[in-house]
Structures are given as structure tokens and as C-alpha cells.
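Presented below is the structure to which this report refers.
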Amino acid sequence: MNVDILNEDGSLKSKEEFLEEMEALYDAIEQEVDESALLTEDDCIGSNQVVDILSFKERVIWLVGEIVGASEKNYGASREIIEKIIAWNIQDKGINVEDRRPIHILINSEGGDMMEALAIIDAIKGSKTPVYTHVIGEAYSAAFLITLCGKKRFGTENSTYLFHEGMAGFVGDAHKLNQAVQFYKNTLLRKTRKIILDNSKISEDAYEEHIKDDWFFDANEAAKLGVIDDINGGIFEWI
């Protein structure tokens, strides 16, 4: 079962209609799924379905692999994440922010499309329901920036991180190339710089020293630099 934030004609559904569909879906899951039997040998539910159901119930979003941009073949990495953040905020309407169950983004990504990452970051920052980020594996490049924007941030003991100025490619004439370069320098690089300095303990001097590098570090250094708040916290407190 799926709930789409858009109507068939591409228009945005009303909050009331979307919330009704979300509540109906949640009620159906609660009534039809015996949580204690999900993982038994006798159950016929596939492992992917189990993960999807439990992820929905626990407000977990997975960000795994390359962060791809929108194309004719897909909607881009940001759509599902933004839809779920919006849906849970609608579900929480009327609940005090401090009483809301947090949303958890589990990250194991080498990075990817910067505009998709910025869209995800805007959704995290704009969410009244707190969004926590958890690095399980790697948080490189654009995924590193997303990690920084969680209300609370966690990393596993063997998680790794990469900070750099990013990679880019361009096809076109010299004038358009110059426009693209100026956009990158004056907009994207400025935005990423602000995200890093505002959401970590990385100093301006350290930023300038490493911006041209591929700066890798482990969970211990990430904690010292304020990239994450805790090692092996977060989701492992549920177990």
C-alpha cells in the first residue's frame, strides 16, 4: 500500500485528504500485521516487506547509495524522503513539538547530486517534527552535509565521513561554462560552507585548509568535530 502526496493530475492533495489516507494506511498496518510474527520462520512476509512495515511504524527513512537527481526515469532521491517528512508532520499536527516522535534517517551513502541533497536538507530544517540522522557505514560529500542537519546526529563505531568541495561536470559553450562556474562558486559553495560551519565545530581555518582536499575521518574524529553527537547511540538504543 502506498500513499502519494500528489493527485493523478499532478496537483497537490489537500492536507485533510492526505492525512485521512495516511491514517487509514497506519490503521490498516496496525490491524493486519502481527508485529510479533513478522520475523518468524512460519511467516510468509518477505524480508523487504518486513523492513518497510517496521520502518514506517518506527518513522525510519533509508538513504543508501548514490543520491541521484531527478530524470525522465526517476523522481530523484529527495522525493520519498520529503514526502515522508511532510506526511509525519501532518500526522503530528496539533501535537507539541517536544512531544512528537522523531523521524530517523539512516545514512550509508557516497553522496551524489547536490541539489537533491539541498532539497532534503531544507525538508529536515523545515520539519517541526525533529529529524535525527544516523550514519551506518559512510556519509560522504552530499551525504555528509545531510548528516550535519539532523536535530540529533549519531554514528556507528565504524562509520566514516568525507568532507570536500565536491565534483562537477559540464557540457556546453564557454559562456555557459562560466555561468555554471559562477553559480557553483557564488551559490552552491557558499551554501555548503554555511551548512558546515553552522552545524559543526569545524573552524573556518580548518574549512579553508581542507576544502581542496578529500578529508576523511572516522567516528571518533567526527564526534570531536561536532559532526555527530554520539557514537553507537540513536537506533541502537531501541534494541
Side-chain angles (χ1 to χ4, degrees), residues 2-5 47-71 73-89 101-164 166-167 188 191-192 195-196 199-200 214 216-219 222-223 226-239:
N2 294 305
V3 175
D4 200 324
I5 196 169
S47 59
N48 289 339
Q49 291 174 287
V50 171
V51 170
D52 288 343
I53 292 168
L54 294 180
S55 294
F56 180 84
K57 291 174 71 69
E58 297 298 334
R59 297 190 169 191
V60 170
I61 303 171
W62 294 83
L63 179 59
V64 178
E66 183 182 1
I67 301 170
V68 297
S71 69
K73 296 182 178 180
N74 65 70
Y75 291 111
S78 65
R79 174 169 172 167
E80 181 180 359
I81 294 173
I82 293 171
E83 282 184 344
K84 288 181 177 179
I85 290 175
I86 291 173
W88 283 315
N89 271 270
R101 292 174 56 217
I103 299 165
H104 305 271
I105 301 181
L106 275 55
I107 299 171
N108 184 14
S109 170
E110 67 269 29
D113 189 282
M114 182 58 69
M115 300 311 296
E116 290 292 309
L118 290 175
I120 294 169
I121 287 169
D122 283 344
I124 292 172
K125 291 291 191 180
S127 176
K128 291 184 178 179
T129 298
V131 180
Y132 296 173
T133 52
H134 309 254
V135 180
I136 305 175
E138 59 189 21
Y140 295 171
S141 193
F144 174 79
L145 298 176
I146 293 171
T147 298
L148 284 173
C149 294
K151 182 73 173 179
K152 292 184 180 180
R153 296 160 288 175
F154 305 92
T156 55
E157 183 178 355
N158 293 307
S159 58
T160 56
Y161 306 78
L162 167 62
F163 157 61
H164 64 183
M167 299 176 63
L188 292 184
K191 288 179 180 293
T192 58
I195 290 169
I196 290 168
N199 296 280
S200 74
D214 279 345
F216 289 92
F217 42 89
D218 62 14
V227 174
I228 57 176
D229 301 315
D230 190 22
I231 299 173
N232 284 345
I235 61 165
F236 291 97
E237 296 177 354
W238 307 345
I239 299 173

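Just so we're clear, the structure is a prediction, and the values are computed from it rather than from any experiment. In what follows, residues are counted from 1 in the order of the sequence shown.
You'll find the side chain of Thr192 reaches within 4.5 Å of the side chain of Met114, heavy atoms only. Side-chain contact between His134 and Leu106 is present, with heavy atoms from C-beta onward closer than 4.5 Å. Contact of the Lys84 side chain with the Arg59 side chain is not registered, since no non-hydrogen atoms from C-beta on lie closer than 4.5 Å. Side-chain contact between Phe163 and Val227 is absent, with no heavy atoms from C-beta onward closer than 4.5 Å. Side chains of Leu118 and Ile195 form a contact here, defined as non-hydrogen atoms less than 4.5 Å apart.
Going from atom OG of Ser159 over to atom CD of Glu138 covers 10.5 Å, rounded to the nearest 0.5 Å. Atom OG1 in Thr156 sits 11.5 Å away from atom CG in Asp230 (nearest 0.5 Å). With values rounded to the nearest 0.5 angstrom, Ile85 atom CD1 is found 10.0 Å from Ser78 atom OG. Between Asn158 atom CG and Ile231 atom CD1 the span is 10.0 Å, to the nearest 0.5 Å. Summarising the geometry, atom CD1 belonging to Ile120 is positioned 12.0 Å from atom OG1 belonging to Thr133; distances are rounded to the nearest 0.5 Å. The distance from atom CG of Leu63 to atom CD1 of Ile136, rounded to the nearest 0.5 Å, is 11.5 Å.
Minimum heavy-atom separation, His164 to Ser141: NE2-OG, 2.9 Å. Of all heavy-atom pairs between Ala143 and Ile67, the closest is N-CD1, 3.9 Å. Shortest non-hydrogen contact noted between Ile103 and Asn89 is CD1-ND2, 4.4 Å. Contact record, Glu157 with Asn232: N-OD1, 3.0 Å, taken as the closest heavy-atom pair. Taking every heavy atom of both residues into account, Cys149 and Ile124 meet most closely at O-CG2, 3.2 Å. Closest of all the heavy-atom pairs between Gly155 and Tyr161 is CA-OH, 3.5 Å.
Asp113 is linked by a salt bridge (charged side-chain N to carboxylate O under 4.0 Å, His left out) to nothing, counting only residues two or more places apart in sequence or in another chain.
Ring-plane geometry between Tyr140 and Phe216 is classed as perpendicular, the angle between the planes exceeding 60 degrees on a 0 to 90 degree scale with a lower cut at 30.
Remark: side-chain polar atoms of Arg153 are not paired, donor with acceptor, to backbone N or O of Val135 under 3.5 angstrom.
Screening Trp88, Trp62, Tyr132 for a ring pair (Phe, Tyr, Trp, His ring centres under 6.0 Å) involving His104 leaves a single residue, Tyr132.
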